[in-house]
**Q** 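My structure is below; once you've seen it, I'll send some questions.
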Amino acid sequence: MSASIQDEPDQAFCILAERFAAGTLAGSEREEFRRRLRQQPDLERYVTGILSRDAALREIIPIIAKRREQTVDPSARARPLNLRLPLAQPLRAAGRRALAVAAWAGPLAAALVMAIILVGRPASRPSAPGEPLAVVSGTTLRLGEHEARSVACPDGSRLDLEGGAEMAFTEDGQGMHIALRAGAMVADIRPQPAGRPLRIAAPQADLVVIGTSFRVATDQGRTRLEVTHGSVRFTSRSGDGGFLVAAGEYATAGSAPSSLVKGLIHGVMPHGPPLGQLVLAIACGLGTSVDYDGVHYEADRDFAGGRVVPWLEARLPDNPLTAAGRCGTFRYAIPLANGRYAVTLRLHEPDPHPAPGRRVFSIDVQGERWWQRLDIAAAVGRGPLLDLTSVVEVSQGTLDLRCFAEHALRSDDASPVIAAIVIRLVAP
Amino acid sequence: MITMVRDLPGELMTRTSDAADNASSQSRDAVVILLLQHKSMLQAFVFSLIEDWVLTEDVLQETAVYICNHWQDFTPGSNFAAWARAVARLRCHEVLNAELRQRALQDKVRIEFRDAVWDEHVDLNAERKGALVDCVDRLPERSKTILLNRYHQDRSWESIADELEMRLELLYLTMSRIRHKLRDCVERKLARGPA
């Protein structure tokens, strides 16, 4: 373990570093990995930290696994400690190893016994590690900040509660119900009986689950859902409506009206650290700057083509970004210092009677078609924002975005629209 | 004593007699304990050079054997980590020349990290190990399943992703997140001191 706590790099680099640690970097990824290391020498610390932790986990996890086996089988306690060398041994070198080990195992064993004794002290949790807590109707759980707990529902579905989580479980003729009052949990839900979906009530949103895997968290006045498998219906509690959130998508809802957002990520899921430092936010179609949700949006700029459309009917009461937008076939060429940015395009369906399939458009980022056949009405209906986030490399001083209609444009009803652009610096 | 490790060439074998005299006062056990204390760093260092955990184990074993057999070569008070890395680096070069040529991988562009970065690493002492074990215990069960699959059963990330029905990229991000949690948890526990 490294003694110092470093900030996490962006998700793309985290993946590259994990692939490096797994020994599976391919040619172009290797080049990209090297380029990032050259650009940011501090990333070396992050990567060597991963390798050291990987080595530590290779040593520690087999010891923990052994301890778990001994906990499950009390008779195993009587067996002598298995003085397994800290390194796994490939079979092809086994004979050579036996000789080699003989040369140094004596003094090493004494030290290792000491290490195992020190490591092997019992966990603070009284229950057997690895055994989820079976809940019955009426169970309420509240975890400490640094606790974690796995829970098994009566149907075998599993909930992994994270530190600080608080939940209540009930079951009746309508199905299972979970009230997530605080904290976060990762859920792996078995297929539910027809007409009796699992319902999760979070402070700012309700979830209806048929059978899927996801993470739901409530923090800082927001409920956030990230779906990894299947789909979940997510409905705001502040009257903004709801939508289906599919695998690879996320949704957030706040307590205030007009705070429902569905998000799509180009490439990777939105797990992990925030997407970087805010560089620029633009309120498309607005002639003045506005503040929304803690972000200062500048008046519309750096565009070419399209036109401003005021969204009188579609404006959401507490969201100034929905007062107007840029509409038509248009382009943004935003000057930026070279670097890697997370670019979020915030879309809003302005039609008061939206019809899926009518407004279908695509967006090119840096000359590549990154978002294809976007249909806001189909994704979120009218009201919620649809956020699209891409991690973009700017190498020639300009971020280039172009919006195109998929169908021949006959009216504004079918035109591409965009409400705002938010740019965060991931890596210089 | 039988050893399968060939003598390493050059500078490591030609220590000055002063250094050897000083080293002779150092017990072999002390060098072995130093080796244990730097094991994770050394393992990570070797992997960074050859990018293969199985070969890393080979090299590390042989580096350990060499160090145990040549403990007198280490000058007490000098930088053990740097010495051990020098031993490991030479062995890595041998392995790379022999094994990677067979696997037609010698055109792989190697990535070397600066020595100064390795020197900053703090290896696992008993206190850190204890903290890490506690922190792993506190992880959600799904995270523990990932760790056990990977580090106890030696399964590939691809097969773990398949079993958990996750995209591989998502699994990598999840792992990155687990490491982050473990690192923060260990640092917090150590900062708080013994319970």
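Residue numbers start from 1 in every chain, and the chains themselves are labelled A, B, ... in the order their sequence lines are given, proteins ahead of strands.
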**Q** Got a second to check how far A:F20's CZ is from B:Y172's OH, nearest 0.5 Å?
**A** 13.0 Å
**Q** Do you know which two heavy atoms are closest between A:A55 and B:S40, and how far apart they sit?
**A** CB-O, 3.5 Å
**Q** Are the side chains of B:M175 and A:L57 in touch, meaning some heavy atoms are under 4.5 Å apart?
**A** yes
**Q** Does any backbone or side-chain atom of A:I50 lie under 4.5 Å from a heavy atom of chain B? Answer side chain, backbone, both or neither.
**A** both
**Q** Taking only residues two or more places apart in sequence or in another chain, which ones pass disulfide bond (SG atoms under 2.5 Å apart) with B:C185?
**A** B:C135
**Q** Hey, does B:S176 have a side-chain heavy atom less than 4.5 Å from the side chain of A:F13?
**A** no
**Q** Does CZ in A:R35 sit with more than 12 non-hydrogen atoms of other residues, nucleotides or ligands closer than 6.0 Å?
**A** yes
**Q** Which residues pass the side chain to side chain donor-acceptor pair (under 3.5 Å) test with B:E158, not counting sequence neighbours?
**A** none
**Q** Decide side-chain contact (heavy atoms from CB on, under 4.5 Å) for A:R53 and B:L182; before the verdict, give the C-alpha distance in whole Å, the side-chain angles of both, and the deciding distance to 0.1 Å.
**A** CA-CA 9 Å; A:R53 280 188 283 281; B:L182 288 176; 5.7 Å; no
**Q** When rounded to the nearest 0.5 angstrom, what is the spacing between CG in A:D188 and CG in B:L164?
**A** 8.5 Å
**Q** With a 4.5 Å limit on heavy-atom distance, are the side chains of A:R215 and B:R142 in contact?
**A** no
**Q** Please classify the contact between B:L168 and chain A as side chain, backbone, both or neither, with a heavy-atom cut-off of under 4.5 Å.
**A** side chain
**Q** Test B:R179 against A:D54 for side-chain contact (heavy atoms from CB on, under 4.5 Å), laying out the working first.
**A** CA-CA 9 Å; B:R179 291 187 208 281; A:D54 219 48; 3.0 Å; yes
**Q** When rounded to the nearest 0.5 angstrom, what is the spacing between SG in A:C14 and NE2 in B:H180?
**A** 9.5 Å
**Q** Rounded to the nearest 0.5 Å, what separates atom OG in B:S143 from atom CD in A:E162?
**A** 7.5 Å
**Q** Of the non-hydrogen atoms in A:S52 and B:A44, which two are nearest, and what is the gap between them?
**A** N-CB, 3.5 Å
**Q** What distance do A:R58 atom CZ and B:Q43 atom CD have between them, rounded to the nearest 0.5 Å?
**A** 7.0 Å
**Q** Determine the minimum heavy-atom distance between B:L132 and A:A56, stating which atoms define it.
**A** CD2-CB, 4.2 Å
**Q** Evaluate B:R150 against A:I61 for side-chain contact (heavy atoms from CB on, under 4.5 Å), listing each step before the verdict.
**A** CA-CA 9 Å; B:R150 176 65 180 170; A:I61 297 298; over 6 Å; no
**Q** Got a second to check how far A:L51's CG is from B:T56's OG1, nearest 0.5 Å?
**A** 9.0 Å
